[in-house]
There are 2 protein chains.
Amino acid sequence: MALIVQKFGGTSVGSIERIEQVADKVKKFRESGDDLVVVLSAMSGETNRLIDLAKQICDKPEPRELDVIVSTGEQVTIALLAMALMKRGVPAVSYTGNQVRILTDSAHNKARILQIDDQKIRADLKAGRVVVVAGFQGVDEHGNITTLGRGGSDTTGVALAAALKADECQIYTDVDGVYTTDPRVVPQARRLEKITFEEMLEMASLGSKVLQIRSVEFAGKYNVPLRVLHSFKEGPGTLITIDEEESMEQPIISGIAFNRDEAKLTIRGVPDTPGVAFKILGPISAANIEVDMIVQNVSHDNTTDFTFTVHRNEYEKALSVLENTAREIGAREVSGDTKIAKVSIVGVGMRSHAGVASRMFEALAKESINIQMISTSEIKVSVVIEEKYLELAVRALHTAFELDAPARQGE
Amino acid sequence: MALIVQKFGGTSVGSIERIEQVADKVKKFRESGDDLVVVLSAMSGETNRLIDLAKQICDKPEPRELDVIVSTGEQVTIALLAMALMKRGVPAVSYTGNQVRILTDSAHNKARILQIDDQKIRADLKAGRVVVVAGFQGVDEHGNITTLGRGGSDTTGVALAAALKADECQIYTDVDGVYTTDPRVVPQARRLEKITFEEMLEMASLGSKVLQIRSVEFAGKYNVPLRVLHSFKEGPGTLITIDEEESMEQPIISGIAFNRDEAKLTIRGVPDTPGVAFKILGPISAANIEVDMIVQNVSHDNTTDFTFTVHRNEYEKALSVLENTAREIGAREVSGDTKIAKVSIVGVGMRSHAGVASRMFEALAKESINIQMISTSEIKVSVVIEEKYLELAVRALHTAFELDAPARQGE
């Protein structure tokens, strides 16, 4: 008899009908004998409705009070599911973050979980109940309601699984697993049976929006086996684990991620003195703009060029900050481009395989795709290219790394 | 500097615009130097919306889970008001029933308050904050969310005022005070400046639906001065107190209450043996039907007649129960009437004045109104009459007891 934590997102509980479907699903699992803790988001749209209410009062709602409002979304769905389970003869009980008690720090709207009290949940599981917990929320040491920020329900699921030493944390979504790349771009894209936490992190942060990054980090840190499944279709999904045993049999790379949300900015002719990177990026970060890739070439004539990417929404803001900086430090010119895309190959296999990057560059060269920026990590190589070549690049790489082999048996 | 508890109902916080108006009002009070605790209901309609959601899952939602859902209504309004106050530069903080901690018993959907922890509220008041508390809800000793049942926000206000030893509990409503009778029936009806708790109880339970009965009982028990005021109009409202000092100057009766919601049932020719009243009313109460007036005449020929009133919605159900009983105990016949109305005169003054009842009967006789049932208490005389005479009876009594004197100065 296993202990499973199951997390259903806003779309899965978006209507009474959907909640009834989730109840059917949970009942079936329960009947197979597993102990179940179910974590829920608010009904899809509800969190936005509540934030809109608050914004009608003021543009920047006071964070503590916003959490009081927003946390009601999950409070409604957990009780509805508990009722739906009881209607089906499945004993169940709902708990808010405060009731569990999911202790967080006091950073309202983006709190971090510090500790989870598992006493109540264990007692309920022992008594044969399915425990339904509100995702996304907790309580600080002073009893203030907190929320973990968007997507926080995944984190709640993983944190509960870690605290309860659950056998698996299942995240139900609107996709049936993690794919080698986006099937809308590459029809031959395959569902992966397994992927490591690190690969998943790189895939997630590069735009494969299946799971929230924080929840994957959390799962990796506490070694909680994570499974991505479809809410309403049957299937084994994709298991995300620490397990590298089979790495010899694994393909060199697991997937190809891409991202069209970025823009790049370049500052040229920067006097190459110590601390220049900070002089350039300090004001960007002070303006609360997040930077993704950073590339600095070797200097020539005692000046250097410096390029970085930001989210496309922040491009105008970043450009104006950078122009200021350029004047102050006496740089030659500032330029930028929003028509770019980032493509990355991800895989723990590349650790032990040389030449993965050059194989990537070769594949792109064959298609005459110019590479504008390159950055690498231990299990990932990312390149920035002109946006219009994105689909072509992804398909070429998918083929070059032998990802579009036919589905294995049983898939 | 006084400590005032203010309670605003669902209509007063029914929209963002209304909440802003309440914030203006609270700000004005705060600027006059009083310490303020504000108790709120959910936005009008919201509690019903939430109950409907639950009923889509099952007709009889599990009470504990229903409370989890329904309590979110006030949780939203308290945070919205706290934000609106802060926007106006008034420091404020919101608390749910659990956060305050308003400890109740575990009778979900109709819990009773056992104890209120005033520590947090006192600390906030001392720090200059307006404290905004969710009405209608609490928490039991196990940490389960409870609700006090419909209208429970008034009770929360009064209980908080008692716990904090507040100088006054102000209940804001859609009327500007308590009237001698319904102004829609008697245009000369006057707003009362003062009324005693007992009178208010009789007025409320007889159909003057200004305040919830439980909150008045509570206020009387803990001697909390209660004031009924209009949410958005200026005016002193009506003060409800224990104060009988001025009773010599008071009129004999304070007001005339009436009620069209009842139906009467009569069982005739009942063998007059000990325990017969229980035999008749036992099954009615077992069927969860509440009985209001009960009249039993002296017996003749060893049989007696027995008449009682129930809510009109329960008439059919009561009739069928009573017909069963009649067969069992061998009564002669059962009859009933839904076209009745109850009219009551209420006043602590009648304690020290003889002949109040006869003056009432005289006034009705003058108008040829037949009296079907009579029942009396220390500060009230109620009669049941044919429904069509209701307005006539109320007007005749309003005049007979000199209630339609012109308004006093300052009113």
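Order of the sequence lines sets the chain letters (A, B, ...), proteins ahead of strands, with each chain counted from 1.
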Which residues from residues 159-169 of chain B are near chain A, with near meaning under 4.5 Å between non-hydrogen atoms? none

Is it the case that over 12 heavy atoms from other parts of the model lie below 6.0 angstrom from the CG atom of A:D59? no

For A:L50, is it the side chain, the backbone, both, or neither that has a heavy atom closer than 4.5 Å to a heavy atom of chain B? side chain

Against chain A, residues from residues 12-38 of chain B with at least one heavy atom under 4.5 Å, in numeric order, are B:I16, B:I19, B:E20

Considering only heavy atoms, give the residues of residues 60-84 of chain B separated from chain A by less than 4.5 Å, sorted numerically, with 'none' for an empty result. B:P61, B:E62, B:R64, B:E65, B:L66, B:V68, B:I69, B:S71, B:T72, B:Q75, B:V76, B:I78, B:A79, B:L80, B:A82, B:M83, B:A84

Contact winner vs chain A - B:T96, B:V132, B:I145, heavy-atom pairs under 4.5 Å: B:I145

Could you tell me whether A:R88 atom CZ has more than 12 heavy atoms of other residues or ligands within 6.0 Å of it? yes

Crowded around A:K120 NZ? As in, over 12 foreign heavy atoms under 6.0 Å? yes

Partner residues of B:Y95 under the side chain to side chain donor-acceptor pair (under 3.5 Å) criterion, sequence neighbours left out: B:D124

With a 6.0 Å cut-off (strictly less than), is the heavy-atom count around CZ of A:R112, excluding the residue itself, greater than 12? no

Looking at B:V139, B:I57, B:N98, B:N144, which one has more heavy-atom pairs under 4.5 Å with chain A than the rest? B:I57

Considering all heavy atoms, the nearest B:G143-A:Q99 contact: O-NE2, 2.8 Å

Taking side chain as everything from C-beta outward and backbone as N, CA, C, O, which of these in B:V93 sits under 4.5 Å from a heavy atom of chain A? Side chain, backbone, both or neither. both

